[in-house]
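Only heavy atoms go into these numbers, but all of them, side chains included; no hydrogens, no water, no symmetry mates.
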Amino acid sequence: MTRVRFASAKDGQSLAWTRSGSGLPMVKAAAWLTHLEYDRQSPIWAHWVKFFESNFDYLRYDERGCGLSDRKAGTLDVETWTNDLERVVEAADLPKPFVLIAMSQGTAAAVKYAAHHPQDVSHLILLGGYARGVHHRGDPEAASFYDAIVDVFRMGWGSDNQAFREVFTKRFVPDGDAAKISWFNELCQRATTPEVGAQLLRARGKMDASDALEKISCPTLI
């Protein structure tokens, strides 16, 4: 059973976190649509959780607006996500330095954290991530397409027809089988609300953490 605790963000938002396993300390920066309890049943995430907590002192948390954290988004930008990561690490009182792993949008907060706290991070692992959202890549057509997908996703979030959610789901798990696609579609509804989900996606498109990249001094695997 997952033991869930809560940290208070800078703006008072409640951030749900859990820590399990033993060994070298590791922190996973929050990314798109997690649920601390539901992830253990996931055909996509369960093996990650099992592996990390079997080999590390593993800390993970639900981002603001998702899972067991407060379902209000508040301000959504790189600085807020980085501060949320700082607050969770502080609340967990994790030994330092630790391994910091991130994927997708979570890489922005991870590189910012590593740049701001070089003494805290022994190794940085980035998987399928990006430092700049689509609105900072000099491609207006791609940005417009992304915004259109967000609108479709928001409008069809609560629909019984999974085709709406699959527009975005298949961007995350393009090679997923029927079980993984179905589970991710259900996660969309369990993890957050249509409006907050859309806010999270829009914020990802506008984020930019590229200024922190040259400040990373720890060994990094991408």
So if you build clusters from Ile, Leu, Val, Met, Phe, Trp, Tyr with side-chain heavy-atom gaps below 4.5 Å, do W45 and I101 land together?
yes
**Prompt:** So, does T107 use its side chain to make a donor-acceptor pair with the main chain of Y130 at under 3.5 Å?
**Reply:** yes
- prompt: So do the side chains of M26 and D57 get within less than 4.5 Å of each other, counting heavy atoms only?
  reply: no
message = Applying side-chain contact (heavy atoms from CB on, under 4.5 Å) to V134 and F145, what does each step give before you reach the verdict?
response = CA-CA 10 Å; V134 67; F145 181 66; over 6 Å; no
Any chance the side chains of T34 and D62 put a donor and an acceptor closer than 3.5 Å? yes
Side chains of L24 and V99: closer than 4.5 Å at any heavy-atom pair?
yes
Shortest non-hydrogen pair, L200 vs C66, comes out as CD1-SG, 3.5 Å
Using side-chain contact (heavy atoms from CB on, under 4.5 Å), reason through V4 and W17 one step at a time and then give a plain yes or no. CA-CA 6 Å; V4 178; W17 62 273; over 6 Å; no
Looking only at heavy atoms, the pair that brings L33 and A191 closest together is CD2-CB, 3.7 Å
Exercise. Test the R204-W81 pair against the cation-pi criterion, namely NZ or CZ under 6.0 angstrom from the six-membered ring centroid and within 45° of the ring axis.
Key: yes
- Query: Is the closest basic N to carboxylate O distance between E53 and R40 below 4.0 Å?
  - Reply: yes
Note to self: Please tell me whether D208 and H135 have a donor and an acceptor in their side chains that are separated by less than 3.5 angstrom.
What the structure shows: no
- [ ] Take Q105 and M207, measure what side-chain contact (heavy atoms from CB on, under 4.5 Å) needs, and give me the verdict at the end.
- [x] CA-CA 9 Å; Q105 151 273 341; M207 74 179 198; 4.0 Å; yes
Which label fits W48 and F52: parallel for a plane angle under 30°, tilted from 30 to 60°, or perpendicular past 60°?
tilted
Are side-chain N/O atoms of D120 and Y113 paired as donor and acceptor at under 3.5 Å?
yes
Residues G65 and V196: closest non-hydrogen pair is O-CG1, 3.7 Å
Between F6 and S14 the two heavy atoms that sit nearest each other are CD2-OG, 3.2 Å
Minimal heavy-atom distance between P97 and S122, with the atoms involved, is CB-N, 3.7 Å
* Compare all side-chain heavy atoms of V27 with those of L94 and state whether any distance is below 4.5 angstrom. => yes
Before you tell me yes or no, could you show the steps for K112 and E79 under salt bridge (charged side-chain N to carboxylate O under 4.0 Å, His left out), namely the whole-Å CA-CA distance, both residues' side-chain angles and the distance that decides it to 0.1 Å? CA-CA 8 Å; K112 281 281 191 178; E79 296 305 325; 3.3 Å; yes
Please confirm whether R202 makes a cation-pi placement over Y146, using NZ or CZ under 6.0 Å from the six-membered ring centre and within 45° of the ring normal. no
Measuring only between side-chain heavy atoms, which start at C-beta, is L68 closer than 4.5 Å to H35? yes
**OP:** Answer with yes or no whether the hydrophobic clustering places F51 together with L59; edges join I, L, V, M, F, W, Y residues whose side-chain heavy atoms lie under 4.5 Å apart.
**Re:** no
task: Decide, yes or no, whether a salt bridge links R64 with D84 under the criterion of side-chain N to carboxylate O below 4.0 Å.
output: yes
So, do R60 and T18 sit near enough that their side-chain heavy atoms are less than 4.5 Å apart?
yes
Examine distances only and state if a side-chain atom of R87 and a backbone atom of S8 form a donor-acceptor pair shorter than 3.5 Å. yes
### Task
Find out whether K50 and H47 are in side-chain contact, i.e. whether some heavy atom of one side chain is under 4.5 Å from a heavy atom of the other.
no
message = Quick check: do V111 and L124 have side-chain heavy atoms less than 4.5 Å from each other?
response = yes
- Message: Donor-acceptor check, side chain of Q13 to backbone of K72, threshold 3.5 angstrom: yes or no?
- Response: yes
Any side-chain donor-acceptor pair under 3.5 Å between D77 and T80? yes
Between the main-chain N or O of T220 and the side-chain N or O of H123, is there a donor-acceptor pair closer than 3.5 Å? no
In one Ile/Leu/Val/Met/Phe/Trp/Tyr side-chain cluster, 4.5 Å: Y61, L126: yes
- Message: Taking Y58 as the starting point, is it possible to reach L85 by hopping between hydrophobic residues whose side chains are less than 4.5 Å apart?
- Response: no
Open item on the list: Within a 6.0 Å radius of atom CD on E214, are there more than 12 heavy atoms belonging to other residues, nucleotides or ligands?
Closed with: no
Closest non-hydrogen contact found for C218 with V121 is CB-O, 3.6 Å
### Query
So do Q119 and K96 actually touch side chain to side chain, heavy atoms under 4.5 Å?
no
Interatomic distance, CZ@R5 vs CZ@R19, rounded to 0.5 Å, equals 8.0 Å
